[in-house]
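So the structure is just underneath, and the comments pick up after that.
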Amino acid sequence: MKADAYRFDGKTSCDLSRLPTDAGTEKGKKAEYAEKTAANLKKMESLQEAFYADGREGMVILLQALDAAGKDGTIKHVMGGLNPEGVTVYNFKQPTKTELEHDYLWRVGRCLPPRGGISIFNRSYYEDVLVVQMHQLHKGYRMADRVLQESDREFFEKRYHQICHFEEYLYENSFRVVKIFLHLSKGEQKERFLARIDTPDKNWKFSAADITERARFDEYNQLYQKVINATASEHAPWYVLPADQKWYTRYLVSEIVVEALQKCAPSYPKVTDQVRAEMQRARVQLMAED
Ligand code: ATP
Ligand code: MG
């Protein structure tokens, strides 16, 4: 599938400066891809129904990106086709006071799906090695000296390992984690910020903090690259998707979700002889009603 070109499972290293932010040769095929996406959404719908009924595996799909890369829109357009009964979206914002009193995975545990369910993470525990590392937020946490005395390198290397173990733990307990990074160009981010400023209906999306973060655009990409390489694995791969054309990103995400669901090979639970007999009796009873 097309999205395989953007998949990182730890075997090859990810170099963001060499990876495209745009659709390349596919540019100009918007209508074609919109149709393909619609077809994938149909497939997703029936696969998810079987996945939900089956209840043997659970799934976390997480999205990470710099501001205005299209996380919200992707969730709305691609995941909107799923049956809400089996899907929950969680937004990971700045931790609350209570959340900060706990370890960083504490708030994640409560957002994990049951088997048969899908949790979509809009940002995730990866913020705890991204924004926290970039702004040295951990230095302000109340933690024991033995933890705070570690060098930044040690502190975050440990967190990468903890995350890898956490994802392995989930996989070994019948959950899959699919990780998506929306790779946006600095030029396209500027256009999207300007649109937020110039279009009244988009004003609400504008945040002055986004502009200060933009000043560190390249630093963020370097950090993302480090984090992706430290945490990509066969069972919890990263997909680094070009994000400059929303229609192309959405198509790729729809492909990834279809494939992830297919890998679980969902099947409806088998009906036992006893249940079959009960159904037959119920049928007779219903038919006899009038
Ligand atoms: P949009 O792209 O629409 O602005 P958003 O995901 O940026 O959406 P916001 O409410 O603007 O949503 O921002 C949430 C903020 O919370 C982000 O800046 C993110 O970095 C921050 N955040 C998330 N997790 C943590 C964390 N563990 N520690 C510190 N900050 C965090
Ligand atoms: Mg924001």
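Quick note: numbers below take in every heavy atom, side chains included, and nothing from hydrogens, waters or symmetry partners. Ligands are counted one by one from 1 in listed order, and the atoms in each one are counted from 1 as well.
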Part of N91 within contact of ligand 1 (heavy atoms, under 4.0 Å): neither
Residue D128 vicinity, atoms of ligand 1 by number, heavy atom under 4.0 Å: 27 (N)
Per atom 20 (O) of ligand 1, closest listed option by heavy atom (H135, E127, E99, Q94): E127
H183/Y224 aromatic ring centres below 6.0 Å: no
Six-ring centre of Y104, R159 cation under 6.0 angstrom, axis tolerance 45°: yes
Basic-acidic side-chain contact under 4.0 Å: R115, D54: no
Those residues that, when tested against R142, pass side chain to side chain contact (heavy atoms under 4.5 Å, CB included) (two or more places apart): none
Numbered atoms of ligand 1 (with element) below 4.0 Å of V132, judged on heavy atoms: 28 (N)
Proximal atoms of ligand 1 relative to D67 (non-hydrogen, under 4.0 Å): 2 (O), 4 (O), 7 (O)
Contact atoms of ligand 1, heavy-atom distance to L137 under 4.0 Å: 29 (C)
4.0 Å heavy-atom contact, K205 with ligand 1: no
Pair E255 + K2: basic N to acidic O under 4.0 Å: no
Close approach of P95 to ligand 1, heavy atoms, under 4.0 angstrom: yes
Within the 6.0 Å centroid threshold, strictly below: Y239 and F181: no
Near-ring test Y125/F166, centroid separation under 6.0 angstrom: yes
Side-chain atoms of residues 34-49: list all donor-acceptor pairs with protein atoms under 3.5 Å, sequence neighbours left out, distances to 0.1 Å.
from, atom 1, to, atom 2, distance (Å)
T37, OG1, Y33, O, 2.8
N40, ND2, S254, OG, 3.0
S46, OG, K43, O, 3.3
Q48, OE1, N83, N, 2.7
Q48, NE2, N83, O, 3.2

Sub-4.0 Å heavy-atom contact, M134 with ligand 1: no
Per-residue contact class, E213 against ligand 1 - non-hydrogen pairs under 4.0 Å: neither
Where ligand 1 meets R107 - atom numbers and elements under 4.0 angstrom, heavy-atom basis: 24 (N), 25 (C), 26 (C), 27 (N)
The single option from R192, K190, K186 passing salt bridge (charged side-chain N to carboxylate O under 4.0 Å, His left out) against E188: R192
Nearest-option assignment for atom 6 (O) of ligand 1, heavy atoms, candidates R192, R123, H138: R123
Options Q64, K93, R196, K71, ranked by nearest heavy atom to atom 10 (O) of ligand 1, top entry: K93
